[in-house]
Amino acid sequence: MDILVVEDNFLAGEMIRLAVEDVWFNVVGPVPTLQEGMRLADSTALDGAVLDIKLGGDQVFPLARHLRTKDVPFIFVTGYDRSVLPDDMNTAPLICKPVLVKELARVAVDRFSGSKVANPAAADRQKRAAILRQRVEAGERRVATQRRRLQRLQFEGHDRHSVQFATDMLEQMQISLDLLKQTRDMFEKHGARAAASAAIKRPINDDTIDPSDPKSLAHWAEQLGTTPKHLAELLLEHRPSARVIARALGLEKYDGPSRKSTVLI
């Protein structure tokens with residue numbers, strides 16, 4: 001079964017991809033724009049779609065309506081609540097970010113198949129492992145290109161804002177590439193479920209943990225490999241920053257840009 005993923009944040013798109021593939025659907029994409037989503041909806045026989053609502057300056061609702069005319073079921077995955085949905089979409093399944101892998105996988109199975117999806121044959125797993133290796137190779141080429149671009153900006157004496165933006169891009173691309181490599185290694189050693197878990201747990205960006213929100217506590221406790229009670233105790237001693245708490249737990253690996261800077265690789 002082919003499931004379209006439309007998401008303009010690379011790391012979120014990879015997490016969604018792995019969650020959907022973890023229940024053995026085939027992912028088309030992820031693609032970051034409304035236009036690319038519309039093109040794939042017309043050129044591919046889809047069985048479902050996972051859609052981010054805000055895509056740059058566009059909203060995804062025209063694509064959702066187009067999919068509905070084709071009887072293709074979809075799920076919204078977004079940082080917004082249901083108040084942003086138009087009247088004709090207010091009953092559509094919606095998962096709020098931050099997304100739990102298990103929740104998305106469960107909703108995907110319910111929405112797109114209605115039954116448990118069987119594990120694939122070994123040949124299918126080998127094919128997916130090969131795809132991961134190809135994506136790592138493509139990511140390495142893009143990181144090398146961005147590094148050369150940054151060096152050229154520095155050599156030509158461009159203003160510091162342009163240099164800083166290019167630096168942030170390179171750092172985020174490197175983080176994304178590291179994530180892909182980790183996912184590839186986890187998949188080859190332990191299978192898709194371990195790879196999906198790795199994708200959601202790293203990198204840890206500088207998000208805020210709300211100690212008064214049980215859902216936020218539960219989400220970040222799972223991310224950080226601790227219990228909600230222990231996390232609540234740590235929040236009394238430290239700032240409510242996921243990165244700060246991760247460091248307190250000895251988990252933090254990256255000191256790169258925050259989630260405000262994201263780049264497709």
How many angstroms lie between atom CZ of R142 and atom OG1 of T145, to the nearest 0.5 angstrom?
8.5 Å
On a heavy-atom basis, the closest approach of D88 and R68 is O-NH1, 2.6 Å
Heavy-atom nearest pair, A218 first then P228, reads CA-CG, 4.4 Å
Residue pair T227, E233: steps toward the side-chain contact (heavy atoms from CB on, under 4.5 Å) verdict
CA-CA 10 Å; T227 65; E233 293 171 352; over 6 Å; no
Closest approach of M89 to F61 (non-hydrogen atoms, all atoms of both residues)
CE-O, 4.2 Å
Kindly indicate whether the side chain of P86, heavy atoms from C-beta on, has any atom under 4.5 Å from the side chain of R65.
yes
Determine, stepwise, if the pair L55 / L63 fulfils side-chain contact (heavy atoms from CB on, under 4.5 Å).
CA-CA 11 Å; L55 303 168; L63 173 56; 6.0 Å; no
Would a single hydrophobic cluster contain both L40 and F76, if residues Ile, Leu, Val, Met, Phe, Trp and Tyr are joined by side-chain heavy-atom contacts under 4.5 Å?
yes
Transitive ILVMFWY side-chain link L170 to V136, under 4.5 Å
yes
Are L67 and I53 linked, directly or through other ILVMFWY residues, by side chains that come within less than 4.5 angstrom of each other?
yes
For S162 and H158, which heavy atoms make the closest approach, and how far apart are they?
CB-CB, 4.4 Å
If you round to the nearest 0.5 Å, how far is CE of M38 from OG1 of T33?
11.0 Å
Under the criterion salt bridge (Lys or Arg N to Asp or Glu O under 4.0 Å), which of R133, K181, R147 is the partner of E140?
K181
Return the CG to CD distance between D159 and Q164, rounded to the nearest 0.5 Å.
11.0 Å
To the nearest 0.5 Å, atom OG1 of T226 lies from atom CD1 of I245 at 10.0 Å
Applying side-chain contact (heavy atoms from CB on, under 4.5 Å), run through F112 and V50 and close with a yes or a no.
CA-CA 10 Å; F112 302 142; V50 180; 4.2 Å; yes
Under 3.5 Å: donor-acceptor pair, side chain of D47, backbone of D2:
yes
Give the intermediate values and the outcome of side-chain hydrogen bond (donor to acceptor under 3.5 Å, both in side chains) for residues Q151 and R148.
CA-CA 5 Å; Q151 291 171 346; R148 289 193 296 271; over 6 Å; no
Under a single-linkage definition using a 4.5 Å side-chain heavy-atom cutoff for Ile, Leu, Val, Met, Phe, Trp and Tyr, are L85 and L34 assigned to the same hydrophobic cluster?
yes
Which of these, V60, D52, V84, sits in a side chain to side chain contact (heavy atoms under 4.5 Å, CB included) with T78?
D52
Rounded at 0.5 Å granularity, tell me how far NE2 in H238 sits from CG in L235.
9.0 Å
Looking at L46, is its backbone amide N or carbonyl O close enough to the side chain of T44 to form a donor-acceptor pair, meaning the two atoms are under 3.5 Å apart?
no
Under a 4.5 Å side-chain heavy-atom rule over Ile, Leu, Val, Met, Phe, Trp and Tyr, are I3 and V6 clustered together?
no
Using 0.5 Å steps for rounding, measure from the CG atom of L234 to the NZ atom of K229.
12.5 Å
Shortest non-hydrogen contact between D8 and P32, atoms and distance
CB-O, 3.4 Å
Which heavy atom of P211 sits nearest to which heavy atom of I209, and what is that distance?
CD-O, 3.1 Å
